[in-house]
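Quick note on labels: first sequence line is chain A, next is B, and so on, each numbered from 1.
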Amino acid sequence: MTENMLDKNGIARRIAQEVKDGYYVNLGIGIPTLVANFVRDDIEVEFQSENGVLGMGPFPFEGEEDADVINAGKQTITTLPGASFFDSATSFGMIRGQHVDLTILGAMEVSQDGDIANWKIPGKMVKGMGGAMDLVASAENIIVAMMHTNRAGESKLLKECTLPLTGVGCVKKIVTNLAVIEVTAKGFKLLERAPGVSIETIKSATEGELIIEGEILEMNI
Amino acid sequence: MTENMLDKNGIARRIAQEVKDGYYVNLGIGIPTLVANFVRDDIEVEFQSENGVLGMGPFPFEGEEDADVINAGKQTITTLPGASFFDSATSFGMIRGQHVDLTILGAMEVSQDGDIANWKIPGKMVKGMGGAMDLVASAENIIVAMMHTNRAGESKLLKECTLPLTGVGCVKKIVTNLAVIEVTAKGFKLLERAPGVSIETIKSATEGELIIEGEILEMNI
Amino acid sequence: MINKKVANISEALKGVSDNMTFMFGGFGLSGIPENAIAQLVKLNIKGLTCISNNAGVDDFGLGLLLQQKQVKKMISSYVGENDEFERQMLSGELDVELIPQGTLAERCRAAQSGFPAIYTPAGYGTEVAEGKETREFDGKMYVLEHAFKADFAFIKAWKGDAAGNLIFKGTARNFNPNMCGAAKVTVVEVEELVPVGTLDPNQIHIPGIFVQRIFQGETYEKRIEQLTIRQRA
Amino acid sequence: MINKKVANISEALKGVSDNMTFMFGGFGLSGIPENAIAQLVKLNIKGLTCISNNAGVDDFGLGLLLQQKQVKKMISSYVGENDEFERQMLSGELDVELIPQGTLAERCRAAQSGFPAIYTPAGYGTEVAEGKETREFDGKMYVLEHAFKADFAFIKAWKGDAAGNLIFKGTARNFNPNMCGAAKVTVVEVEELVPVGTLDPNQIHIPGIFVQRIFQGETYEKRIEQLTIRQRA
């Protein structure tokens, strides 16, 4: 490829621009976890992990890890001043009660209606939904972080999801290695291109309805 | 009256015999509160108050009262070693989840079906049900502590309650100044008489169906 | 750390207005938001719907709002220590909805935690259940009760920090934690605002995410409703 | 004070038998009841239904019960780190019910708190909601989910006392508090059993009323699943 598709850190860097001052944010496993590294220093944000912590800090230094302090990805973490621990029912109370402002998670497929599939490939992969179904059913503001196509080169932005759903009509925005896309009533609306990536490339990588209106600027990352 | 009707402390003393080792007990306002004074010393019991405390102790000594430590009757209290404080939702979780073994409360009327009325006299007294509706709807083991008749001399043990109900079919046992009565499918079953009180007296003070089978012994208090 | 600290009581109550629905923590006079109530009296806004377990006494707590006839409707479980309340209720000036105490707590928690409604056995077969949906589960009857919708929740905590983390003391805890995050705006007053980082993260009763504004109350009378003591031997 | 302390692990697990339903606290390998699991392996009872957020790893946590084929059914939200689990599931030896994590937590809390069922938006429109009742409230769809019914809950706390009062540490808290009192018998193991009266009554996460038996665990490996560190500058 000659075009500058983003790598995982690039996607995370772009998503970090969506994180506003005063936001409580839940980050899923994978690319979403990387977002924390790129949030501006001059805004205040707190990260929630559904296993029961608010105010997560960076990973611990070697020797300072604590088996009793992990994130939802089971990684050892630290906490920042002002952090708190709580039980799982309270944690999902925060999520279901829409106290968490932004949820960023990965996906295997997203449909142009905002449906998302990310927990099961029948007969192949059955790891479970973890907290994802609660998060997508409850959050007002959901951003999906993913590659635009799967390993077989097939589009992950579809007319309709083919895999078992995680939630219906919930995704608002998608940031991929190729583009920033808004999910609208009419379909996927292209907002931004990755640097150097052509609209044609995005079009051919998008199976669902892609709406292109006006000039599509490159991401500013 | 020549007969030895019990006073409030007598009723409380008799009810205390129903409190078993290992019981968590919720005591209502009035006579029930007095029960704590008569529980045997050689058994372990913990008192719960629905405003959020488990392990209540005696009233404080003068000068040791704390506005932040009260019971459901808004009285200043103390706590014993092993006590805990909790929020109202947790408190009623204990009650609704049937973790509280015994509920003792007052009543204005009880029906022979076990209905209870104790929160409202239309047009006259409207203080509210407080936690009583939760307690009677949830508890497996409810004892009513009350006078057998009201101030006008009318029976409080009725075929049907006339006042707005607090709960239906929930009362299992009643201890009055005259008798200990079990609520059965067939009606009020007389278990014990207050010392010196005749069956005739109890009969005439009971409007509902009174079942008398075999010899009715005097309370042993 | 997201800062929830406000400069003063005026800023804390910014946005309150006539005809709103408010939640008030407290049981009796214990754990009530004394400073918020005083400010509401001062602002003299009217037509309020108040969700609170009790209604204060004649000259303290929510009784102060009743005195000024600021309250249109009370939703409570027990209102028995307030003569002015009784007068307004019997005269029809005041609309009163009495509900079981556990139902009150859980309708708050439902609002806090994103549940639309709950099934509780409390009140089944009584006038509390009239007009409400009932349902049997496993042979027992339950009443469907809906989450509250409130504009502001006024909370009193013992200690708190600028991140909005709260710790309560004794039975002054009561409904306060259940109301945090149960209204559009949660305003917390604390006896002591401590520096962020001094509260043990394991020991926080309410994480700051449930709180929008926090301030240290100027004074607390903490009146005792039923002083009850025993004699020294 | 009602004494919940048992003499040893045998007494703690007295009454467990084949075909029972158990709850296990823990998230991943954090906060799991290591000593109870070890004893269940020793007792080798079979046909178990296990309610637990995760299924351990091949050689630790609930993976130990899976190795011995003691488990008939798992009710979990995420089971992705266990090859033996996957083998048994795909071969049909193991029945697996995957449910949303928040639903799992709240079905425990419902059992603990006497709620027969709850309405949650999680899983609406997905296969999780198939065959379940759904309902609209305020324009949003919810799924009716029922309280769990379990015989034993196995809980791991940090500190506890003989009255059954518990304190948890860090994210090892997770489902543990929500499962206390959610089964017929709640068995708690603690890292440290402290004298009654030493825990601050304000700072108890779970009051002893939700606990039937408590003991101090002999050893805790507290294995870390994903050791993740950063480099010192």
Inset, instruction - Return the option, out of A:Gly93, A:Gly55, A:Ala89, A:Ser138, with the maximum number of heavy-atom pairs under 4.5 Å with chain C. - result: A:Gly93

Inset, instruction - May I ask you to check whether over 12 heavy atoms, not counting those of A:Glu160, lie within 6.0 Å of atom CD? - result: no

Inset, instruction - Without swapping roles, check the side chain of C:Asn202 against the backbone of A:Phe85 for a donor-acceptor pair under 3.5 Å. - result: no

Inset, instruction - Could you have a look at C:Gly114, C:Ala110, C:Ser113 and say which one has the most heavy-atom pairs with chain A under 4.5 angstrom? - result: C:Ser113

Inset, instruction - Look at atom CG of A:Asp21 and say whether more than 12 heavy atoms of other residues, nucleotides or ligands are closer to it than 6.0 Å. - result: yes

Inset, instruction - Inspect the surroundings of CG in A:Asp42 and state if more than 12 heavy atoms from other residues, nucleotides or ligands are less than 6.0 Å away. - result: yes

Legend entry - Rounded distance [0.5 Å steps], OG1 in A:Thr90 versus NE2 in C:His205: 11.5 Å

Legend entry - Side chain / backbone / both / neither for A:Leu80 at chain C, heavy atoms under 4.5 Å: neither

Inset, instruction - Please indicate whether C:Lys5 has more than 12 foreign heavy atoms, meaning atoms of other residues, nucleotides or ligands, lying under 6.0 Å from its NZ. - result: no

Legend entry - C:Asp161 versus A:Gly82, closest heavy-atom pair with distance: OD2-CA, 4.4 Å

Legend entry - Neighbour count >12 (heavy atoms, 6.0 Å) for atom NZ, C:Lys140: yes

Inset, instruction - Go through A:Met94, A:Glu44, A:His99 and name the one with the most non-hydrogen pairs under 4.5 angstrom from chain C. - result: A:His99

Legend entry - Where A:Leu54 and C:Pro207 come nearest, the two heavy atoms and their spacing: CD2-CB, 4.1 Å

Legend entry - More than 12 heavy atoms from other groups under 6.0 Å of NZ on A:Lys159: yes

Inset, instruction - Answer yes or no: is there a donor N or O on one side and an acceptor on the other, between the side chain of A:Glu46 and the main chain of C:Ile2, under 3.5 Å? - result: yes

Inset, instruction - Mark yes when over 12 heavy atoms from residues, nucleotides or ligands other than C:Glu218 sit less than 6.0 Å from its CD; otherwise mark no. - result: no

Inset, instruction - Can you establish whether the number of heavy atoms outside C:Lys222 located under 6.0 Å from its atom NZ is more than 12? - result: yes

Legend entry - chain C contact via A:Phe86 - which portion, at a heavy-atom distance below 4.5 Å: side chain

Inset, instruction - Go through the atoms of C:Ile209 and report whether side chain, backbone, both or neither lie under 4.5 Å from a heavy atom of chain A. - result: both

Legend entry - Interface moiety of A:Val100 toward chain C, non-hydrogen atoms closer than 4.5 Å: both

Legend entry - Atom of A:Ala83, atom of C:Ile204 and distance for their closest heavy-atom approach: O-CD1, 3.4 Å

